[in-house]
Amino acid sequence: MAIIADFHLHSIFSDDCSTPMEDMVKQSIELGLKYICFTDHLDYDFPKKYGNIFEFNIPNYYNEINRLKEKYESKINIYTGIELGIKEEVIERLDTLLAFNKFDFVLNSTHLVSNFDPYYLEFWKDKTEREGYCKYFDTYYSNICLFPKCDAHAHLDYIVRYGANKNKNYSYIDYKEYIDRILDYTIAAKKMLEINTAGFKYGLKNPHPHIDILEAFYKKGGRLITIGSDAHSPEHISFKFDETCKILKDIGFKNYYIFAERKPIELEL
Ligand SMILES: [Zn+2]
Ligand SMILES: [Zn+2]
């Protein structure tokens, strides 16, 4: 088998993406994918200084996905997901959002640490690389506990894209105490750990999270995973999925999951 589902895709509904949904769908069909899920960014109250507004019109989102679902029905299954940027101040708004809107799949993402985006240098100016990574893992842990109404925990350790030395001085062992509690909670709460292949795109030679972390997760009994490329443009859809499939199988994983109406469906690796 190969990975035939990409469950983390962006489109023009995300403020950092200009690709029309239909272009993402066409390319996914071209690549032979059978299941895709749009997970556009919704980060309520994203700091204005960064110039992005990660919010969009939900009815328009449904309409466009439904139009494409019908048009490409015989070729691919399209799902309606969302990537939620979590922070304490917006939990109530997120609860309301999910109470009034039905999604197939909800990603819990940490994009901000104390309201700073680690993508920008400003975050790093008063801390060492290690301090920055530790703060990110702390925030990630708080966020998954704060907002359990999600299906999967996204891109654990993507912070290592942004440190001055990226992942050169980074290893699971050095951050074990921070990462283990995230893995333990994920397993206990029966949430999915997302395997996010965008790490390769940033030259990291591994997906998020790092292969050592995936091994630790497996050893602890973790079996629930979703897989997504986090593509913002067609050329990155299902990026390095073959390599990722091999990594996962070598560790021992046999299955991965997709979601329909918030319910997991098992697929074979
Ligand atoms: Zn994200
Ligand atoms: Zn994303």
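Indexing begins at 1, ligand by ligand and atom by atom, following the structure's order.
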N, O or S atom of H8 closer to the Zn ion (ligand 2) than 2.8 Å: yes

Heteroatom count (protein N, O or S) under 2.8 Å of the Zn ion (ligand 1): 3

Test item: I36 and N77 side chains (from C-beta on) under 4.5 Å apart, heavy atoms: no

Check ion pair D45-K87 (N to O, under 4.0 angstrom): yes

Basic-acidic side-chain contact under 4.0 Å: K240, E243: yes

Donor-acceptor contact below 3.5 Å, side chain D104 vs main chain E261: yes

Trace of the salt bridge (charged side-chain N to carboxylate O under 4.0 Å, His left out) decision for K246 with D250: CA-CA 6 Å; K246 190 177 177 319; D250 285 349; 2.8 Å; yes

Side-chain H-bond candidate by donor/acceptor type, T186 with H153, under 3.5 Å: yes

